[in-house]
Amino acid sequence: MKQRVSALLREKLGREVVLEKPRDRSFGHFATPIAFSLAKELKKSPMLIAEELANSFHDSEEFASVESVKGYLNFRLSEGFLAEYASWALKNPSDFAKGEKNQKILLEFVSANPTGPLHIGHARGAVYGDTLYRLAKHLGYDITAEYYVNDAGNQIDLLGLSIQLYARENILKESVEYPEAYYRGEYLEELANGAQEKFGVEIFTNESRQKELAMWAKDKVMEIIVSTLADTNIHFDTFVNESGLYDDWDRVMKKMGANVYEKEGKLWISSQTKGDDHDRVVVREDGRPTYLAGDIVYHNQKFERGYEHYINIWGADHHGYIPRVNAAIDFLGYDSNKLEVLLSQMVSLLKDGEPYKMSKRAGNVILMSDIIDEIGADALRFIFASKKSDTALEFDLAEFKKEDSSNPIFYIQYAHARIKTMLSKASVAKDDITNASLKNLGENADMLLFDALLLPEVVEDAFTSRQVQKLPEYLKSLAASLHKFYYDVKIIGTEDEAKLLKLLCVVALSLKTGLSLMGIAAKDKMTKEEE
RNA sequence: GCGUUCGUAGCUCAGCUGGAUAGAGCACUGGUUUGCGGUACCAGCGGUCAGGGGUUCGAAUCCCUUCGGGCGCACCA
């Protein structure tokens, strides 16, 4: 819709024009302050320019009116244009708001270490990534969702050790001394029991079998992670294991040429020449690779797979890491501008106004699965998708357990369910609704129809700006328009029933499509949960 | 200290490719259609958009600066 209007303006003026939705509905559907910018060039008053432009649109069929007001140009789309678009959408519901981009994108997100279950911080990145993924898919991008599994290095050794310590204390009833760093949490019990069954208790006391235990355990942890993600409707296309990448090590190092050098018995990359604070070690004196080493091979592999664009979602605490990875990509001979790193910020939780208690059994982190148990996956997704991902967020769980308009996910679902209920009570035939005209609906209905048809613009905008919160914001406001319309206008049993129901079908389509892009299924009925 | 990011209503947050009177929910006050789910709707209250300067016809939005908070500054991940 907006694209169409933009295109018309571009044609007429020979330049890109800023189009906005006027705050005040009485100004029409779209508006542009273009006359102000033109005023200087043309040495004429904005009012005059706007006036002339308005007149020049007189006979276009897309617009019911084009008016100039105080230098602004206000457009009102014609009923015919809106009606035609809406009818098309209802006939092709699965194509609604779809796009035809076909850029090949690799999106890497979550990538939490397989050393423990996902916590609330991971959840935010997971939801953000998956929402972007859904939006991109819908827009036609050829996008791949990838999880990078850090299954090599210290943290894996630590996992083996932690299970041994846990088992020796809790299963073998030995008294053990814990080192400074080790993992804790309820999941260790599950792992220890599983290991006992599989290997026998000997695995817990034999230090040389720590690695074997760890390798088994990290796969188990991945299973836990994948199942938590699945509970949230998040699925990955590919998993890449760090441990499988090192075969390529020599070749990749050679690729970086003179940008790798040896000093003090270690291997460094000269990332400082690319704006990093200092050069970084990639191989330690004892020959063990650093974390960065894995990322270098991984990113080399990514670029060799040949995507047009790369997106990584990282926790914001890793933002200092960006320059060195960019440097490595450049050294490998690729364009680091193709890599876009998006950050997902910290989350702090409240429950009834009090800081959410981190349970000891969970290891003093808030588990993602616990939050799903408390408020459900839909609410979890909605919260995280609703806020800009790169700003810190604090929210109260209690708000999402309520069943009224203060709970946005509930509010939107209710709007959808209301429409479905009405359709089931319709006194006219289905065909009458499908064939009804959407013209002469009146001002209010017209605006509601327009609102419902805005989804395509929102989807496109939300993805290209990487600001997924635009989608839930839009759905909230569409739901509000629907509830208000419902209150103002009687539908069933009136003369206009068929056409009004058709209008509601468009709203329902928009809500349902929007929700599904957030990984949430629209409800046809609201059922009260009994406590 | 350096880098980065944020500072919008009492609270949680939108708005930030610069544009017409600064928005929503919560909280607080009051109201609502014989009409289809009141699980909804409407109204009131509440803001020097952290402070200061600059660019512009126009700044919450862009630039500079001060203050305040987060995060980072490993051969940890």
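Throughout, a chain's letter reflects where its sequence line sits, starting with A, and its residues are numbered from 1. On a predicted model such as this, the values are computed, not experimentally measured, just so you know.
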Exercise. Given atom CD of A:Glu20 and atom P of B:A20, what is their separation to the nearest angstrom?
Worked result: 6 Å
Problem set entry | Candidate nucleotides B:C73, B:A77, B:C13, ranked by approach to the side chain of A:Glu394 - the nearest | B:C13
Problem set entry | Pairwise C1' distance for B:A59 and B:U17, with rounding to whole Å | 14 Å
Problem set entry | B:C16 and B:A60, which share atom name P, separated by this distance in whole Å | 14 Å
Exercise. Where each pair must be Watson-Crick or G-U wobble with both distances under 3.5 Å, what dot-bracket representation of RNA chain B is obtained, with crossing pairs in [ ] and other-strand partners as |?
Worked result: ((((((((.[[[[.)...(...]]]].(((((.......))))).....[[[[[..)....]]]]])))))))....
Exercise. Touch check for A:Leu393, heavy atoms < 4.0 angstrom, all strands: base, sugar-phosphate only, or nothing?
Worked result: sugar-phosphate
Exercise. According to a strict under-4.0 Å criterion, is A:Arg280 in side-chain N/O contact with OP1 or OP2 of B:C76?
Worked result: no
Problem set entry | Closest listed nucleotide, where the reference is the side chain of A:Pro22 and the choices are B:A20, B:U4, B:C36 | B:A20
Exercise. Taking only N and O in the side chain of A:Gln469, is any of them less than 4.0 Å away from OP1 or OP2 of B:G15?
Worked result: yes
Exercise. Between B:U21, B:G3, B:C76, which one does the side chain of A:Asp24 approach most closely?
Worked result: B:U21
Exercise. So do A:Asn312 and A:Lys302 actually touch side chain to side chain, heavy atoms under 4.5 Å?
Worked result: yes
For this session: Please tell me which of A:Tyr321 and A:Asp524 maps to the more 5' nucleotide of RNA chain B, matching each residue to the nucleotide holding its nearest heavy atom.
Result: A:Asp524
Exercise. Taking the same atom, P, in B:C42 and in B:A24, what whole-Å distance lies between them?
Worked result: 10 Å
Exercise. Are A:Val110 and A:Phe236 side-chain neighbours, meaning at least one heavy-atom pair lies under 4.5 Å?
Worked result: yes
Seminar exercise, completed: When rounded to whole Å, the CG to P distance for the pair A:Asp488 and B:C42 reads 8 Å
For this session: Report the distance from atom CG of A:Leu500 to atom C1' of B:C36, rounded to the nearest whole Å.
Result: 12 Å
Exercise. Please give, in whole Å, the distance from B:C76 P to A:Asp157 CG?
Worked result: 13 Å
Exercise. Quick one: which of B:C42, B:A20, B:C36 gets closest to the side chain of A:Phe27?
Worked result: B:A20
For this session: Would you kindly give the CE-to-P distance between A:Met526 and B:G38, to the nearest whole Å?
Result: 13 Å
For this session: Before accepting this row, confirm whether a basic side-chain N of the pair A:Asp276/A:Lys274 lies closer than 4.0 Å to the acidic partner's carboxylate O.
Result: no
Problem set entry | Euclidean distance for C1', B:G68 against B:G31 (whole angstrom) | 42 Å
For this session: Please confirm whether any donor atom in the side chain of A:Asn74 sits under 3.5 Å from an acceptor in the base of B:A20, or the reverse.
Result: yes
Exercise. What does A:His483 touch in the nucleic acid at a heavy-atom separation under 4.0 angstrom: a base, only the sugar-phosphate, or nothing?
Worked result: sugar-phosphate
Exercise. Whole-Å distance between B:U56 P and A:Lys40 NZ?
Worked result: 7 Å
Exercise. Hey, what do you get for CG (A:Asp151) to CE (A:Met222), rounding to the nearest 0.5 Å?
Worked result: 9.0 Å
Problem set entry | Given B:C16, B:A14, B:G38, the nucleotide with the shortest approach to the side chain of A:Tyr486 | B:G38
Exercise. Do the non-hydrogen side-chain atoms of A:Thr131 and A:Val127 ever get within less than 4.5 Å of each other?
Worked result: yes
Exercise. Distance-only, no hydrogens or angles: does the A:His416 side chain make a donor-acceptor pair with backbone N or O of A:Leu511 under 3.5 Å?
Worked result: no
For this session: State whether A:Asn154 places a side-chain N or O below 4.0 Å from either non-bridging phosphate oxygen (OP1 or OP2) of B:A77.
Result: yes
Exercise. Can a side chain N or O of A:Lys470 be found less than 4.0 Å away from OP1 or OP2 on B:C16?
Worked result: yes
Problem set entry | A:Tyr411 ring center near A:His483 ring center (under 6.0 Å) | yes
Exercise. Taking atom P in both B:A9 and B:A50, what distance in whole Å separates the two?
Worked result: 8 Å
Exercise. If we take the P atom in both B:U12 and B:G52, what is their distance in whole Å?
Worked result: 23 Å
Problem set entry | A:Phe239/A:Tyr148 aromatic ring centres below 6.0 Å | no
For this session: Tell me whether the centres of the aromatic rings in A:Phe75 and A:Phe57 are closer together than 6.0 Å.
Result: yes
For this session: Ignoring the backbone of A:Ala31, work out which of B:G72, B:C76, B:A20 is nearest its side chain.
Result: B:A20
Exercise. Taking 4.0 angstrom as the limit, do A:Lys351 and A:Asp396 come out as a salt bridge?
Worked result: no
Exercise. Looking at B:A20, B:C13, B:A77, which one has an atom nearest to any side-chain atom of A:Lys70?
Worked result: B:A20
Exercise. Could you give the CD-to-C1' distance, from A:Gln272 to B:A74, as a whole number of Å?
Worked result: 15 Å
Exercise. What is the distance from CZ of A:Phe36 to C1' of B:G19, rounded to the nearest Å?
Worked result: 7 Å
Problem set entry | Same-atom distance (P) from B:U66 to B:G1, integer angstrom | 11 Å
Exercise. Using centres under 5.5 Å plus planes under 30 degrees as the test, is A:Tyr72 stacked with B:A20?
Worked result: yes
Seminar exercise, completed: Comparing A:Val489 with A:Glu285, nearest RNA chain B nucleotide closer to 5' gives the residue A:Val489
Problem set entry | Flag side-chain contact, heavy atom, 4.5 Å: A:Glu497 against A:Thr494 | yes
For this session: With heavy atoms under 4.0 Å as the rule, sort A:Lys387 into base, sugar-phosphate or nothing.
Result: sugar-phosphate
Exercise. Between B:U8 and B:G46, how far is it from one C1' atom to the other, in whole Å?
Worked result: 14 Å
For this session: Starting at the 5' end of nucleotides 23-32 of chain B, put B wherever the base has a protein heavy atom under 4.0 Å, S where only the sugar-phosphate does, and a dash everywhere else.
Result: S-SS-----B
For this session: Kindly indicate whether the side chain of A:His318 and the base of B:G72 share any N or O donor-acceptor pair separated by less than 3.5 Å?
Result: no
Exercise. How would you label the contact of A:Asp396 with the nucleic acid (heavy atoms, under 4.0 Å): base, sugar-phosphate, or nothing?
Worked result: nothing
For this session: Name the nucleic acid region contacted by A:Arg284, choosing base, sugar-phosphate or nothing; use a 4.0 angstrom heavy-atom cut-off, strictly under.
Result: base
Exercise. Hey, does A:Trp314 have a side-chain heavy atom less than 4.5 Å from the side chain of A:Ser344?
Worked result: no
Exercise. Does the distance from a Lys or Arg side-chain N to an Asp or Glu carboxylate O, for A:Glu67 and A:Arg76, drop under 4.0 Å?
Worked result: no
Exercise. Of all the nucleotides listed (B:G70, B:A40, B:A74), which has the minimum atom distance to the side chain of A:Gln345?
Worked result: B:G70
